[in-house]
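As the structure lists them, so they are numbered: ligands from 1, and atoms in each ligand from 1. Just the heavy atoms: all of them, side chains too, but no hydrogens, waters or symmetry mates, feed the values below. For this chain, numbers begin at 1 and follow the sequence in order.
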Amino acid sequence: MSHVSPSFAPVFGNCIRLLRQVLYTRDGQPFLVAGSGTLGWDAVGANLIEKGDKALVLTSGYFGDSFAECLKVYGADVTQLTAPIGGSPTKEQITEALKKDKYKVLTLTHDPKMIAETVKEVSPDTLVVLDGVCSVASEEIRFDDWGIDIVVGATQKGLGVPPGLSVLCASQKALKVFENRKTPPSSYYISWSKWLPVMKNYEAGTPSYFATRKPTSLEAPVQLIYALETSLKTIMEGKVSLEDRFKMHREASQRFKKEMQSMGFKTVSLSPETSANGMTAVYFPDGFKASDILPKLLAKDIVVAAGLHKDIKDKYFRVGHMGVSVVDSERDDMDRVIKGVKEAFAEAGYKSS
Ligand SMILES: *Cc1c(COP(=O)(O)O)cnc(C)c1O
């Protein structure tokens with residue numbers, strides 16, 4: 001399918017409309033641009049940050065540090081509020097930080113409802129930026145009701161599509177802040193002045209090619225837009241309602257965490273109430289490491305990931321349970337991964353007490 005084909009534009013438009021539904025927003029503005037989830041951080045930095053703007057970055061895991069690093073590239077004056085490993089910043093800590101200084105943006109990865117409400121109470125002008133790369137479509141995100149200004153996402157996690165598309169949604173308030181910049185956006189490719197008309201044209205059903213008109217053309221990722229439309233249609237129009245989808249993720253997450261605890265393993269997350277529902281990070285028991293277990297799982301066609309967090313990188317592994325692996329009742333991914341992990345540890349000589 002050509003990216004200039006008239007039959008492609010409505011598919012793109014559908015993605016924009018369906019994405020709004022997944023995020024419970026009426027007038028949030030989606031941006032679908034070729035790139036990875038990380039490109040969304042650059043979109044925030046380039047479009048919303050001007051040199052010296054203050055940003056409060058809440059860090060409750062690996063990605064907070066990287067988001068902070070990205071915003072600094074665009075000249076932000078970054079303050080990080082870092083929770084202990086496995087925890088997340090508390091309402092009291094966030095309130096105190098917001099009272100101490102005036103921030104243009106606050107970024108978070110987790111617990112958006114509580115945090116957005118706190119921002120609304122204490123510092124209503126601050127833009128609430130949610131790194132939802134892992135959580136879009138696996139966790140409830142009520143963009144309008146909770147007062148979120150940006151959701152940064154990607155296709156390859158909760159949305160269940162191959163990687164390659166940055167999926168972002170901006171509130172009208174965030175777009176106003178962008179329009180009122182005193183300096184031009186500090187990126188060419190990801191500038192919203194380039195992409196906003198493209199999104200509007202596609203939504204209206206007319207193809208638009210900011211990035212493809214030039215001789216050195218970068219094409220709209222046609223296949224990924226088709227794949228995203230398929231996934232969004234399954235999410236919004238399939239057998240399982242959006243509410244039930246989130247409930248299934250919560251149940252699968254609790255089940256998996258309980259199974260790991262029954263083997264004597266500890267989860268990295270300290271509190272079940274604020275644990276992610278799309279994945280679980282589990283500490284290896286003493287004497288075991290990724291290379292003892294992951295290849296054994298791979299031999300069973302089960303892929304789990306090693307650790308990332310710089311302080312505990314070698315001490316834990318990550319298991320994703322999101323999208324079709326949880327929602328599609330014809331698949332048995334959850335049973336298989338639980339059984340597989342148990343067998344792999346048994347083969348490696350682990351005896352659960
Ligand atoms: C995976 C992830 C990212 C990075 O996304 P890429 O598509 O790999 O760039 C960023 N933030 C969070 C919360 C993630 O889970």
Tell me which protein heavy atom sits closest to [atom], plus the residue, atom name and distance to 0.1 Å.
atom: atom 4 (C) of ligand 1; result: F63 CE2, 3.8 Å
atom: atom 5 (O) of ligand 1; result: V133 CG1, 3.6 Å
atom: atom 8 (O) of ligand 1; result: Q156 NE2, 3.7 Å
atom: atom 14 (C) of ligand 1; result: K157 NZ, 2.9 Å

Inset, instruction - Please identify which atoms of ligand 1 are closer than 4.0 Å to at least one heavy atom of T38. - result: 4 (C), 6 (P), 9 (O)
Inset, instruction - Number the atoms of ligand 1 from 1 as they appear, then name those within less than 4.0 Å of a heavy atom of S36, with their elements. - result: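 What qualifies from ligand 1 is 6 (P), 7 (O), 9 (O).
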Inset, instruction - Just go through V167, V152, L130, D131 and tell me whose heavy atom is the nearest to atom 13 (C) of ligand 1. - result: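 When every heavy atom of V167, V152, L130, D131 is considered, D131 comes closest to atom 13 (C) of ligand 1.
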Legend entry - Aromatic ring proximity, centroids under 6.0 angstrom, F265 and Y350: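 Ring-ring flag for Y350/F265: true, centres closer than 6.0 Å.
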Inset, instruction - Report the part of W41 in contact with ligand 1, treating N, CA, C, O as backbone and CB onward as side chain, heavy atoms under 4.0 Å; options are side chain, backbone, both, neither. - result: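 Only the side chain of W41 comes within reach of ligand 1.
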Throw together a table of side-chain donor-acceptor distances under 3.5 angstrom for residues 294-304, partners on residues two or more places apart or in other chains.
unit_1: K296; atom_1: NZ; unit_2: D292; atom_2: O; d: 3.3
unit_1: K300; atom_1: NZ; unit_2: E343; atom_2: OE1; d: 3.4
unit_1: K300; atom_1: NZ; unit_2: E347; atom_2: OE2; d: 2.6

Legend entry - Ring geometry between Y24 and F246 (parallel below 30°, tilted from 30 to 60°, perpendicular above 60°): tilted
Inset, instruction - Please work out which of the three classes, parallel, tilted or perpendicular, describes the rings of F345 and F317, given edges at 30° and 60°. - result: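 If you compare the ring of F317 with that of F345, the planes turn out tilted.
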Legend entry - Contacts of F256 that satisfy ring-ring contact (aromatic ring centres under 6.0 Å, His included) - sequence neighbours left out: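 ring-ring contact (aromatic ring centres under 6.0 Å, His included) list for F256, sorted by chain: H321.
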